[in-house]
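Heads up, the thing below is written out as structure tokens.
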Amino acid sequence: MAESNIPFRTTGSKLLHPVSELLGVPLDQVNFLACQLCALLAAFWFRLYLSPNKASTTIRHAVPTLLGAYFAIFCFGWYSLHIFTMVSICYCIMLKASIENLHRYSVIAAMGYLILCQLSRVYIFNYGLLSTDFSGPLMIITQKITTVAFQVHDGLCKKDEELTSEQQRLAVKARPTLLEYLSYNLNFLSILAGPCSNYKDYIAFIEGRHIAMKLLERNWKPNGYNRLPEPSPAGAIVYKLCITTGSLILFLSLTKALPIVYIADDKFINKASFLARLSYAYIAMQAARPKYYFAWTLADAINNAAGYGFNGIDTQGQFRWDLISNLNIWNIETATSFKMYIDNWNIQTAAWLKRVCYDRAPHSRTAFTFFLSAVWHGVYPGYYFTFITAVPITLAARAMRNNFRHHFLSSRTKKFIYDIITWAVTQLSICYTVAPFLLLAVEPTFKFYKSMFFCFHILSILVLLVLPIKPNTVKSQVHTSSNNKENGYIRALN
């Protein structure tokens, strides 16, 4: 039976082990899904029965914190102590460190603790194959800890003229209380799968100011409202749950049938042609995406069900519930540039990288940002191959766009041809770049790149050597618009 091959050893709860055996799914994944479904139900209950006009702010902070802590213990058992320890250490830094150094100490403590945990899981526990993966929540909490640390530093240490408009808007003018800090980091809405959100947005949600604040930011009166409306997230939740269901079906049917490790298999490499290897790599990478679509869209739906994630009204007068959405599937699948793909993939992580690294790095901002992303993701060598490869490909894509795109804008036909070509190149370059991220180890990564003749590495370097570096003519407009967006570090890739 398939059950005998399923890893059972876990530090989390074994209550659902019979379900794991019945479905043929590892227990850790069953625990995760069960907790997320419970979180979805709890989120509806929280919005209906603990709304701001029915419960105090203290209750609205305490309940999500306790539920989040319980979910962490259920999924990870004693490993959840790492989560609580990191939060405790960093809150002590929040209280005791000087405002001038608060953000630095928080980054060192959070990233250092995360790296130590990742090292132990990978190299002590045999690449994590039979050990509970508690690094996911630690990664999300690292984002939150550093986010609030920088925003408190901006609010208490810097003058307005030293900050960008986005930094001014997000600056926090007081150190958070213990309950606020625990609630922001440990709440059940995001402890297992994120996403990270801005501290001020989360506090406004708990205090009942979230929707009104976003409506006023988006200038709601021209859309025909005489008073503040009370938008319902029901439509957004149903839509996202449909995507979640479809993604789960695709994951269960396609991902297992198209294993990514096959692209580094010696027999396959020796027998298949270059085009066959490239085609399979592309298809296998496509099949790997539904797992992320499922987890991130479900997490977004959970936050919406609690009433969190409202983002004002769009130009058509429709309510938006995408404040903390983590991806835009249509834009990912139709991306015609490396930038467009990254801007719509893991959006909240991209926004975090922009806020804590790219906007603050003194030089080589793209390289520093990719390096931080690699370190944050973990210590698997494949992560570093991915992000090192991404740097020249990103710069080459930017050079190609700035040198050639304007030649194809004179007619619809030329623009259509340009879009088709750039879509194909983008999708293949993403496949090529991200493969080591899933292969993880050095040996299969080199096998794959060798089988591809290091083609995108060579092409990107040639492009950078041959093409002149032209500035983007719309750079200033993009810089201005980026201050009003939290869905990607746009400036890093323009």
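All heavy atoms count here, side chains included; hydrogens, waters and symmetry mates do not.
- Taken from CD1 in Ile342 to CG in Asn344, the straight-line distance is 10.5 Å, to the nearest 0.5 Å.
- Every residue meeting the side-chain contact (heavy atoms from CB on, under 4.5 Å) condition with Phe44, not counting sequence neighbours, appears here in chain and number order: Leu40, Arg47, Ile237, Ala305.
- Partner of Asn311 under the side-chain contact (heavy atoms from CB on, under 4.5 Å) criterion, out of Leu215, Ile211, Leu323: Leu323 alone.
- The ring of Phe76 has its center no closer than 6.0 angstrom to the ring center of His82.
- When only modelled atom types and interatomic distance are considered, Tyr432 and His457 share a side-chain donor-acceptor pair under 3.5 Å.
- Atom NZ in Lys200 sits 8.5 Å away from atom CD in Gln151 (nearest 0.5 Å).
- With respect to Arg355 and Asp359, no salt bridge is recorded, no charged nitrogen being found less than 4.0 Å from a carboxylate O.
- The residues Arg60 and Glu207 are annotated as not salt-bridged, no charged nitrogen and carboxylate oxygen being separated by less than 4.0 angstrom.
- Annotation: ring pair (Phe, Tyr, Trp, His ring centres under 6.0 Å) contacts of Tyr282 (sequence neighbours excluded): none.
- His377 and Phe437 have their aromatic ring centers within a separation under 6.0 angstrom.
- For Ala295, there are no side-chain contact (heavy atoms from CB on, under 4.5 Å) partners two or more places apart in sequence or in a different chain.
- When each of Leu33, Leu252, Ile249, Thr245 is paired with Phe294, the side-chain contact (heavy atoms from CB on, under 4.5 Å) condition holds for Leu33 and for no other.
- A donor-acceptor pair shorter than 3.5 Å can be found between the side chains of Gln286 and Glu333.
- Classification of the Phe205-Phe46 ring pair by plane angle, with boundaries at 30° and 60°, yields tilted.
- For Arg360 and Asp154, the salt-bridge test passes: some basic side-chain N is under 4.0 Å from an acidic carboxylate O.
- For the residue pair Ser197 and Tyr308, a side-chain donor N or O sits within less than 3.5 Å of a side-chain acceptor on the partner.
- Residues Arg320 and Asp314 are not paired through a salt bridge, judged by the lack of any N-O separation under 4.0 Å between the basic side chain and the carboxylate.
- For an aromatic pair to be called close, the ring centres must be under 6.0 Å apart, and Tyr383 with Tyr380 satisfies this.
- For Phe385 and Phe446, the gap between ring centers is short of 6.0 Å.
- Annotation: Tyr262 is in aromatic contact with Tyr280 [ring centroid separation under 6.0 Å].
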